[in-house]
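Any value given below was found using the heavy atoms of this structure, including those in side chains, with hydrogens, waters and symmetry copies removed. Reminder, nothing fancy here: chain letters follow the sequence lines and each chain counts from 1. Computed from a predicted model, the values in this text were never measured in an experiment.
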Number of protein chains: 2
Amino acid sequence: MYSMAEPGAQAGAIAELLKSLGLTKYEALVYIALLQASGATATEIHELSGVPRASVYPVLERLSQKQLVSVSNTSPKRFNPKRPDEAIESLLQSVENDATRAKKVLNRIYSLSSRIEREDQELIWSIHGDEHIRARLLELLQGAEESILIIFYWDHLKAELIEKLLSLKKGVRVEIITDGWTAPLPDHINVVIKAPPKETPRETGQKWLAGGVFIIDKKMAIVVMGSKDEGFTALYSESVGFIRFFTMYWNFFSNWE
Amino acid sequence: MYSMAEPGAQAGAIAELLKSLGLTKYEALVYIALLQASGATATEIHELSGVPRASVYPVLERLSQKQLVSVSNTSPKRFNPKRPDEAIESLLQSVENDATRAKKVLNRIYSLSSRIEREDQELIWSIHGDEHIRARLLELLQGAEESILIIFYWDHLKAELIEKLLSLKKGVRVEIITDGWTAPLPDHINVVIKAPPKETPRETGQKWLAGGVFIIDKKMAIVVMGSKDEGFTALYSESVGFIRFFTMYWNFFSNWE
DNA sequence: TAAATGTTGTTATCATAATAACAACAAGTG
DNA sequence: CACTTGTTGTTATTATGATAACAACATTTA
């Protein structure tokens with residue numbers, strides 16, 4: 001039994017997707033099986049889905065609670081799936097309901113709470129992981145109102161960064177120090193090309209060192225650094241000291257060589 | 001310690017909501033606590049949330065993976081929550097992504113699968129539960145193209161049903177037998193008032209018997225019946241026998257007394 | 001300064017509940 | 001009878017929730 005055209009092969013992957021809509025693995029598998037054989041009996045479903053026959057019954061019960069399948073009153077019972085787009089739409093709907101309700105309450109808690117003013121701006125926050133840093137960085141850049149200073153040696157992110165910068169509103173003055181630039185240059189963006197700061201053989205220590213400094217509106221700075229093997233770390237802060245330091249750093253670089 | 005205005009009291013309820021967005025109970029509780037004290041330390045969070053101090057660390061780790069909190073690199077560490085609307089929006093976003101991907105694949109499976117034609121129309125399907133029946137019924141009525149025949153003695157649903165019927169497109173001819181009608185009467189709707197079929201003392205057996213018959217486009221019939229204490233059951237089918245039976249039933253009623 | 005105390009962050013361990021998987025059986029069906 | 005269906009109970013297995021113990025520091029106090 002090595003062939004069977006296994007739709008069950010990809011079923012596992014889809015099951016994962018359906019889990020975030022609140023289904024269990026079995027519920028997902030059973031539903032998927034039913035789509036391939038509307039009106040199947042419990043046993044047929046069991047065979048198609050790989051779910052133990054005994055488990056199929058309670059699972060179908062739950063699915064019919066959730067309005068994803070209907071049950072015939074024949075003997076043996078037969079089951080019918082709700083059309084997938086309807087099904088997913090209705091699951092999503094209920095998640096969205098929860099989301100808006102949660103949003104409402106949480107927002108109240110957030111604004112209502114006499115949040116202890118802890119001089120957030122004096123703290124330095126850190127983020128780990130390529131993806132997280134990327135997301136946060138783009139988010140922060142998006143919020144820029146006046147000016148952005150950048151030092152940038154990080155090939156991986158280059159394309160996305162450029163795109164984001166080009167999409168900023170005109171009023172924002174952008175100054176960039178980097179090792180190469182191929183995109184169009186609106187007049188509010190000023191690029192200075194500099195060779196990467198290869199402090200002698202970079203292979204000493206780690207390979208593929210990359211990094212960047214971003215200073216936004218003179219009141220928020222983000223520093224990214226990392227290497228292929230150690231992963232990336234970013235710091236960001238509104239602390240005046242932090243900003244002053246990296247502004248100096250930027251100026252130093254800007255006037256170098 | 002009986003007062004303290006317990007925001008933790010409702011926290012449990014909100015935690016439930018957040019679970020459908022993919023958070024665990026602890027993740028929810030910790031995040032909620034953080035909203036009340038941005039920039040708190042692990043210990044403070046522990047005190048506010050009731051989550052064991054040792055558990056707070058891994059939970060915060062997961063939350064920061066999910067981009068819901070950021071971490072300072074001070075000692076002790078301090079934590080900052082993402083603004084609740086952003087947070088929820090981004091969680092919801094990822095669920096929606098999964099949903100659309102799932103929808104795509106499932107629809108393909110559904111349409112592609114040489115669904116064994118099992119003469120669905122010969123089967124009779126059943127639904128249980130007030131809410132489920134309501135939802136399905138309205139959905140089916142919505143799909144009507146030509147005609148709807150109705151026998152209706154079910155106070156609970158009356159308002160919604162009327163609304164739905166009035167919202168149908170003009171082409172659909174509607175014939176209703178019921179015990180009372182107060183809404184406006186467009187000329188494609190025809191109502192016959194009849195006293196409920198009280199087959200002598202209805203208290204014999206169950207109290208509050210209610211029910212209805214709906215025949216849509218002469219090719220789909222839904223029958224609802226139930227009582228306050230036993231709950232409701234609905235049958236629906238495209239079986240010709242089923243439809244013929246209830247059409248006769250309708251005619252019988254229509255010409256009665 | 002040395003000892004005592006408290007805090008933080010980390011790890012290991014245990015408990016519990018949800019889900020998954022299996023085995024057994026009674027009732028129904030042909 | 002042989003077979004299938006539907007149901008029940010029991011046992012893994014996993015994810016999550018909860019507790020305990022500890023090393024590293026920092027703070028206090030004598």
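One interatomic measurement links the two molecules: CG of A:L23 to P of C:dA18, which rounds to 17 Å at whole-angstrom precision. Rounded to a whole Å, the CG atom of A:L60 is 14 Å from the P atom of C:dA20. What separates CD of A:E61 from P of C:dT19 is a distance of 15 Å, to the nearest Å. Across the protein-nucleic acid pair, B:K19 atom NZ and D:dG17 atom P stand 7 Å apart, rounded to whole Å. Rounded to whole Å, atom P of C:dT19 lies 8 Å from atom CD of A:E27. Taking atom CD1 of residue B:I45 and atom P of nucleotide C:dT7, one finds them 17 Å apart after rounding to whole Å. Remark: P of C:dT7 and CZ of B:R78 are 14 Å apart, rounded to the nearest angstrom. For B:R53 and C:dG6, the CZ to P distance is 14 Å, given to the nearest whole Å.
Residue-level contact check: B:P52 touches the bases, meaning some heavy atom is under 4.0 Å from a base atom. Among the heavy atoms of the strands lying under 4.0 Å from A:T24 are primed sugar atoms or P, OP1, OP2 only; no base atom is included.
Of the residues near DNA chain C, A:K25 and B:A54, the one whose nearest nucleotide (by heavy atom distance) lies more toward the 5' end is B:A54.
Taking the six-membered ring where tryptophan is involved, the planes of A:F152 and A:F214 are perpendicular, since the angle between them exceeds 60° and thus also 30°. Between A:Y249 and A:F246, the angle of the ring planes goes over 60°, which puts this pair in the perpendicular group of the 30/60° scheme.
Dashed line: the shortest gap from a side-chain N or O of B:T43 to OP1 or OP2 of C:dT8 is under 4.0 Å. For C:dT10, the OP1/OP2 oxygens have a side-chain nitrogen or oxygen of B:K77 closer than 4.0 Å.
If you check D:dG6, C:dG9, D:dT19 against the side chain of A:Y57, the one that comes closest is D:dG6.
Surrounding CZ of A:R101 are at most 12 heavy atoms belonging to other residues, nucleotides or ligands under 6.0 Å away. Applying the 6.0 Å contact sphere to NZ of A:K103 captures more than 12 heavy atoms from other residues, nucleotides or ligands.
Checked by atom type, the side-chain pair B:E89/B:Q93 shows no donor-acceptor distance below 3.5 Å.
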